[in-house]
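First the structure, in the form of structure tokens, and then the observations on it.
Everything numeric in this text was worked out from a predicted model, so none of it was measured. All heavy atoms count here, side chains included; hydrogens, waters and symmetry mates do not.
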Amino acid sequence: MSSELENKKGKEILQIVNLVANEKNIDRNIIIEALESALAAVVAKNFSEEADIRVVIDPITGLYEAGRYWEIVSDEDFEGSEAQISLADAKEESEDALVGGFISEDTPVDSLSRIGASQAKQIIVRLVRDAERQKLLSQFEKRVGELVSAQVKKITKDFITLELYDGAEALMKKSDMVPKEIFHVGDRIRGYLKETNKEGRGPLIIVSRSCEEFLLKVFCLEVPEVDEGQIEIKAAARDAGYRAKIAVKSKDNRVDPIGACVGMRGARVQSISNELNGERIDIILWHDNPAQLVVNALAPAEVLSVVVDEDNRAMDIAVTEDQLSQAIGRNGQNIRLASELTGWSLNVMTQEDMIKKGKTETAAERGSFIAKLDVDDDIASLLLQSGYKTVESVAHASVESLVSIEEFDEEIAEALIKRAKDSLLSDILFEDSVDVPQELSELVRMDDSIGKKLVAAGVDTRDKLADFSVDDLQDIIEISDEDAGALIMEAREIWFQDGSSDNKE
């Protein structure tokens, strides 16, 4: 290639780089680097796949050079790769060669001149697209977590393509849409900028209208007191398109948090509901007491009593018979949202069922104390009345706390704590020494802990387990009705194998 032709091609490359940089507002160094990579890929087609081909463009003159590179490796590590050269061979090329360095060889410039106009155009288009994508990515990464306004550009069965400002495209997946919401091409909508798509092709930005964050952002928009920090949204739970619960707390005693969120004649909450396609919104007063928060969350259902199990982070809630369906809600929606809002597992029942369950649990707990602590019914009852429900809770109690119980002195307290600790240790040692028979351990729904407890209770065969009722099994282990029934039915499969069913009949 003559010097004049080289200069001409160099100027052409600089013109392309400068034109794209100015029109697309992209750093020219990014364009040069991308063009170098693209040209290297074209040149590499004349070599094996392993060959390391590099192209360098002078940012001032636009002149370019191509070269093939070999990494220098020790003679022991050389495996004959097309991208490597042994140290011994490299020494023949240069006495200064060192392991980890490179040996290069210029590639004839003529090979570059064979790049067709269509290939060059494809390279430029691709590098511009990639550069624009990176620019948009850096721009919108800073806006993740914000509300954005967009125009519906394309609608398909599984997603909607949205156009943001500056022509940027966003995607709203089916899972991010509010159910039953209908859009048309050209509609303007708001959404929550959920994430940016850093890899792969397609739209760069993911927008959602079904997430809880979108609901909270709309609240900030419609309720100035929330945006200004006078009212704090402490928790939220949402069944997109149907119902949501928001727990709010005022930082200013002069501001009514519920009244401010509802607005004059319900104008604010109605505006939010309209934005969410008619979604019903329950605004609840936050309370630091979990039990009171649950009562607030289940409104308008009236709660009669709440039993809190802090160890399992669960609550039993009693309501009247006529309030039961309202407390649970359609398909369990109300109780489910209340549970998500409060972070507690909730179980709603009638007052009668609560009393029944309490008696059953109390009898089991009293029996456990009598058997494991070797005490009479009176002492077991005193422990239960003082809030001790398990042997473990007694083992971890202090002498002072037990002495505060009427009729308990220091000697009794120390004896109870020692017996409780001995019982726990005995259970641990016993469980470690128990081997679960294979015919039990191979049951799909059987785990090691359940198996050891069954064996300890004398249930050491599938046939014995199969004879159990759900209540019998629950007397030995803590298990739900559904899981207990499934485990028993699995054990009973032996009755219908090898003619065993005839014996049971």
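- Contact check on E340 versus R238 returns no salt bridge, with no Lys/Arg side-chain nitrogen under 4.0 Å from an Asp/Glu carboxylate oxygen.
- Under the 3.5 Å distance criterion, the side-chain polar atoms of N331 are left unmatched by any main-chain donor or acceptor of Q333.
- Taking Y69 as the reference, D52, R54, F102, S104 meet the side chain to side chain contact (heavy atoms under 4.5 Å, CB included) condition, with sequence neighbours excluded.
- Residues I283 and I281 form a side-chain contact, since some pair of their non-hydrogen atoms from C-beta on lies under 4.5 Å apart.
- With respect to the salt-bridge test (charged N to carboxylate O, under 4.0 angstrom), the residues E169 and K153 qualify.
- Across L473, V436, D460, a single residue satisfies side-chain contact (heavy atoms from CB on, under 4.5 Å) together with L454, and that is L473.
- With sequence neighbours left out, the salt bridge (Lys or Arg N to Asp or Glu O under 4.0 Å) criterion links E275 to R190, R209.
- Atom CG of residue D58 and atom CD1 of residue I60 lie 5.5 Å apart, to the nearest 0.5 angstrom.
- A donor-acceptor contact closer than 3.5 angstrom is absent between the side chains of N277 and E181.
- When side chains are defined from C-beta on, Y192 counts as touching C211, because their heavy atoms get closer than 4.5 Å.
- The residues D89 and K91 are annotated as not salt-bridged, no charged nitrogen and carboxylate oxygen being separated by less than 4.0 angstrom.
- Listed by chain and residue number, R68 satisfy the salt bridge (Lys or Arg N to Asp or Glu O under 4.0 Å) test with E82 (two or more places apart in sequence, or in another chain).
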Practice task
Apply salt bridge (Lys or Arg N to Asp or Glu O under 4.0 Å) to the pair D176 and K174, showing each step before the final yes or no.
Solution key: CA-CA 5 Å; D176 288 316; K174 189 173 183 179; over 6 Å; no
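- Taking the side chain to side chain donor-acceptor pair (under 3.5 Å) definition, one finds that D309 meets it with N312, sequence neighbours left out.
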Practice task
Give the C-alpha distance, both sets of side-chain angles, the deciding distance and a yes or no for side chain to side chain donor-acceptor pair (under 3.5 Å) between S74 and D77.
Solution key: CA-CA 5 Å; S74 64; D77 294 334; 3.0 Å; yes
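- Here E232 pairs with K234 under the salt bridge (Lys or Arg N to Asp or Glu O under 4.0 Å) rule; sequence neighbours left out.
- In this structure, L193 and L147 have side chains that are not in contact, with every pair of non-hydrogen atoms separated by 4.5 Å or more.
- We find that D158 and K173 are not joined by a salt bridge, their nearest charged nitrogen and carboxylate oxygen being 4.0 Å or further apart.
- Side-chain contact check for V248 versus W286: every heavy-atom pair is 4.5 Å or farther apart.
- Side chains of F78 and Q84 form a contact here, defined as non-hydrogen atoms less than 4.5 Å apart.
- Under the salt bridge (Lys or Arg N to Asp or Glu O under 4.0 Å) criterion, K421 pairs with no residue, sequence neighbours left out.
- Counting heavy atoms from C-beta outward, R268 and E225 have side chains that approach closer than 4.5 Å.
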